[in-house]
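Okay, structure first, notes after.
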Amino acid sequence: MLDIKFIRENPELVRTAAARKNTDLDLDGLLRLDKERRENILEVEKLKQQLNTASAEIAKRKKAGENAAAAIAAMKAVSEQIGGMDARLREIESALQAKLLWVPNVPDESVPVGDESNNVTIRTWGEKPAFSFTPAPHWELGEKLGMLDLARGAKISGSGYFVLTGRGARLQRALINFMIDRHVREGYTEIRPPYLVTTQTMTGTGQLPKLADDMYKLGEEDMYLIPTGEVPVTNLHAGETLKAEALPLKYVSYTPCFRREAGAHGKDTRGMMRVHQFDKVELVKIVQPESSFAELELLTADAEDILQALELPYRVRMLATGDLSFAATKCYDLEVWSAGVDNHLEVSSCSNFLDFQARRMNTRYRPAPKEKLRFVHTLNGSGLALPRTMIALLENHQTARGTIRIPEKLRPYFGGEDEIG
RNA sequence: GGAGAGGUGGCCGAGUGGCCGAAGGCAGCUGCCUGCUAAGCAGUUAACGGGGAAACUCGUUCCAGGGUUCGAAUCCCUGCCUCUCCGCCA
């Protein structure tokens with residue numbers, strides 16, 4: 001959420017930002033409500049002051065045993081008037097709040113303007129593997145090696161679900177442990193959050209109200225299945241005032257993620273590339289405002305470390321404004337190369353949200369004693385998404401014999417084995 | 001699911017209709033004092049919103065939302081959460 005004062009003072013900036021994010025925005029309606037709100041406050045507070053003064057007077061007279069009937073009668077009318085005006089003000093405020101929740105964050109100046117064709121490759125790492133044969137896609141490798149069962153996933157849950165079996169299931173477990181251990185070594189605290197969260201929590205990080213169609217909502221309760229660990233982990237500190245010396249907070253969590261992927265039909269649907277449920281190791285940072293952009297670089301590097309350790313070539317892309325998510329001001333995508341599907345796959349999005357989420361969650365800190373409270377800045381990034389990491393691992397590390405080579409650094413997590421065959 | 005207790009400022013904790021934004025204590029901050037691993041004394045310390053260049057000023061806030069009243073932390077209703085006991089349960 002943006003500060004209403006900021007919007008009031010920079011309407012064109014906000015308008016341009018929304019347009020560049022391809023977001024419809026009724027900015028004029030919002031500003032009108034803001035104006036109306038302040039006018040109403042001015043009016044009703046005048047009356048409240050009158051009422052308060054009179055009430056004190058009534059109390060004094062009653063104590064002195066004097067008659068206060070006239071004043072009470074007069075105040076009854078004022079009180080009623082205030083009641084009506086307060087009701088009106090509440091309506092305005094909730095309408096304003098509703099609109100504010102739909103205003104996207106402003107892209108940082110360093111972000112290229114345009115759609116996804118304007119995304120910029122910042123750097124690349126590793127060499128695409130060379131093969132003396134045509135590399136197979138993961139769905140063939142996985143099925144042949146008894147690691148992946150797509151047919152049964154579809155049977156029990158429908159399209160967009162898969163089953164990992166045997167060494168496939170074990171490999172994923174190994175990867176989760178591997179990732180978490182590495183991040184913990186970098187100073188992240190491991191978190192196991194709930195996977196079902198409230199509407200308020202979903203609103204805190206910005207998934208609601210805008211992305212409601214992309215999420216699974218429970219029928220009986222007012223709860224949602226998390227689309228990413230970002231939601232419960234960032235919201236850990238919703239409504240809190242943090243100590244400055246506690247910052248930055250760095251968390252790593254493993255969670256399943258649930259996505260309806262509404263409107264994504266027909267795109268990357270083969271195998272495990274785009275599914276309704278997948279596992280993810282997520283990094284979250286809560287930091288002081290001055291350091292958030294530097295922390296973004298560090299966070300991205302921490303995610304990259306996983307790909308490097310797994311010997312998977314990738315590129316880092318800075319997203320253009322049109323590709324940037326609703327809440328982000330700047331975002332790097334990590335795209336791993338995968339030989340079988342002959343494509344880059346997004347395995348991580350590392351984003352800085354500035355105080356956009358903090359404002360929604362109401363998470364603040366006091367920079368120093370006596371100083372005013374400020375909103376923290378929040379960041380997150382995958383470290384990494386499991387299915388696509390597994391895809392790249394299977395496809396890039398496949399051998400002519402049809403086996404999969406386990407990268408050296410992962411072997412301790414896979415019983416010391418160096419190959420799946 | 002059943003029974004009970006409770007939710008007050010950074011923390012503890014008083015407060016059952018009228019200068020209560022809220023006693024007292026702790027913690028913090030500012031002085032003074034003392035020269036010693038600390039104590040004493042005095043003062044001070046909430047958030048949010050409106051107006052104002054500012055000084056400042058006004059309003060709101062005692063879990064949340066309604067209600068009663070001229071006036072509610074205090075009374076009534078609903079909800080949420082926490083704790084204890086019982087039941088159920090991986």
Side-chain angles (χ1 to χ4, degrees), chain A residues 1-9 30-101 192-204 208 218 220-224 232 235-247 249 256 286 355-376:
Chain A
M1 193 160 71
L2 296 178
D3 186 354
I4 182 63
K5 282 182 195 151
F6 176 83
I7 299 175
R8 192 187 299 149
E9 286 159 17
L30 192 152
L31 291 171
R32 208 176 310 120
L33 280 170
D34 172 49
K35 187 156 174 279
E36 221 179 309
R37 169 174 176 268
R38 286 184 294 151
E39 287 167 353
N40 275 264
I41 285 174
L42 217 55
E43 239 178 291
V44 73
E45 287 194 350
K46 221 176 283 172
L47 285 182
K48 282 183 179 174
Q49 188 180 354
Q50 196 184 324
L51 182 85
N52 287 342
T53 316
S55 281
E57 194 59 35
I58 290 169
K60 210 179 289 175
R61 275 201 220 173
K62 284 218 163 183
K63 238 177 211 164
E66 296 171 20
N67 188 307
I72 288 173
M75 282 309 107
K76 190 179 175 67
V78 173
S79 178
E80 263 167 34
Q81 201 183 343
I82 289 173
M85 291 172 74
D86 262 343
R88 168 84 185 121
L89 184 59
R90 272 199 299 275
E91 276 173 35
I92 294 170
E93 291 191 324
S94 74
L96 178 63
Q97 182 68 10
K99 279 199 188 297
L100 275 173
L101 289 176
R192 274 294 177 131
Y195 306 147
L196 282 168
V197 299
T198 59
T199 297
Q200 187 183 12
T201 299
M202 279 295 187
T203 307
L208 287 178
L218 262 56
E220 303 301 314
E221 326 249 346
D222 180 29
M223 299 203 82
Y224 293 83
N235 275 286
L236 240 30
H237 297 290
E240 296 184 11
T241 299
L242 302 169
K243 293 202 184 343
E245 57 270 26
L247 304 177
L249 288 165
I286 297 179
D355 62 2
F356 189 86
Q357 295 181 324
R359 205 174 282 283
R360 286 170 167 250
M361 298 189 301
N362 192 25
T363 303
R364 299 174 297 173
Y365 79 107
R366 194 181 302 281
K370 294 282 183 186
E371 280 187 44
K372 295 278 289 176
L373 296 176
R374 296 179 69 189
F375 287 108
V376 297

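All chains are named by letter (A, B, ...) in the order of the sequence lines, taking the proteins before the strands, and each is independently numbered beginning at 1.
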- Query: Quick one: which of A/N362, A/V376, A/L249 gives a side chain to side chain contact (heavy atoms under 4.5 Å, CB included) with A/H237?
  - Reply: A/L249

- Same-atom distance (C1') from B/C11 to B/G17, integer angstrom: 29 Å

- CD-CG distance between A/Q97 and A/L30, expressed to the nearest 0.5 angstrom: 10.0 Å

- Message: Please pick, from B/G18, B/G51, B/A46, the nucleotide with the shortest atom-to-atom distance to any side-chain atom of A/A59.
- Response: B/G18

- Task: Might you work through the side-chain contact (heavy atoms from CB on, under 4.5 Å) test for A/N40 and A/M85, ending with a clear yes or no?
- Result: CA-CA 8 Å; A/N40 275 264; A/M85 291 172 74; 5.6 Å; no

- Task: For B/C20 versus B/G59, give the span between their P atoms, rounded off to a whole number of Å.
- Result: 15 Å

- Interatomic spacing from CG in A/L218 to OH in A/Y224 - rounded to 0.5 Å: 10.0 Å

- Can you tell me the pairing partner of B/A72 across any strand shown, Watson-Crick or G-U wobble, with both distances under 3.5 angstrom? none

- Note: for A/E371 and A/R38 on RNA chain B, the residue whose nearest nucleotide lies more 5' is A/E371

- Message: I'd like to know if A/D34 and A/R38 make a salt bridge, using a cut-off of under 4.0 Å between side-chain N and carboxylate O.
- Response: yes

- Task: Write down the partner of B/C85 under the Watson-Crick or G-U wobble criteria, each distance required to be under 3.5 Å.
- Result: B/G2

- Query: What distance, rounded to whole Å, do you find between the two C1' atoms, one in B/A14 and one in B/A3?
  - Reply: 29 Å

- Message: At under 4.0 Å between heavy atoms, how does the protein contact nucleotides 57-71 of chain B? Give one character per nucleotide, 5' to 3', with B, S or -.
- Response: -BSS-----S---BS

- When A/E9, A/R8, A/R359 are each screened for side chain to side chain contact (heavy atoms under 4.5 Å, CB included) with A/D3, the one that passes is A/R359

- Query: Base, sugar-phosphate alone, or nothing: which one does A/R8 contact when heavy atoms must sit under 4.0 Å apart?
  - Reply: sugar-phosphate

- Item | Inter-nucleotide C1' distance (B/C48, B/C70), Å rounded | 27 Å

- Between A/D86 and A/K48, is the closest basic N to carboxylate O distance under 4.0 Å? yes

- Message: With nearest nucleotide decided by heavy atoms, which residue, A/K5 or A/R364, maps closer to the 5′ end of RNA chain B?
- Response: A/R364

- Item | Spacing of the C1' atoms in B/A22 and B/C33 (rounded, Å) | 33 Å

- Sequence-aligned protein contact record of nucleotides 74-83 of chain B, with B where the base is within under 4.0 Å of a protein heavy atom and S where only the sugar-phosphate is: ----------

- Between residues 193-203 of chain A and RNA chain B, which residues have a heavy-atom gap below 4.0 Å? none

- Message: Need the pair for B/U60. Rule: Watson-Crick or G-U wobble, both distances under 3.5 Å, any strand; none if unpaired.
- Response: B/A47

- Whole angstrom is fine here: how far is it from CG in A/L96 over to C1' in B/G50? 14 Å

- Query: Quantified in whole Å, what is the P atom distance between nucleotide B/U74 and nucleotide B/G6?
  - Reply: 15 Å

- Message: Partner lookup for B/G21, please. Criteria are Watson-Crick or G-U wobble with both distances under 3.5 angstrom; report none if nothing qualifies.
- Response: none

- Query: Reckon A/R366 has a side-chain N or O less than 4.0 Å from the OP1 or OP2 of B/G10?
  - Reply: no

- For B/G40, what is the paired nucleotide under Watson-Crick or G-U wobble rules, both distances under 3.5 Å? B/C32

- Pairing partner (Watson-Crick or G-U wobble, both distances under 3.5 angstrom) of B/A55: none

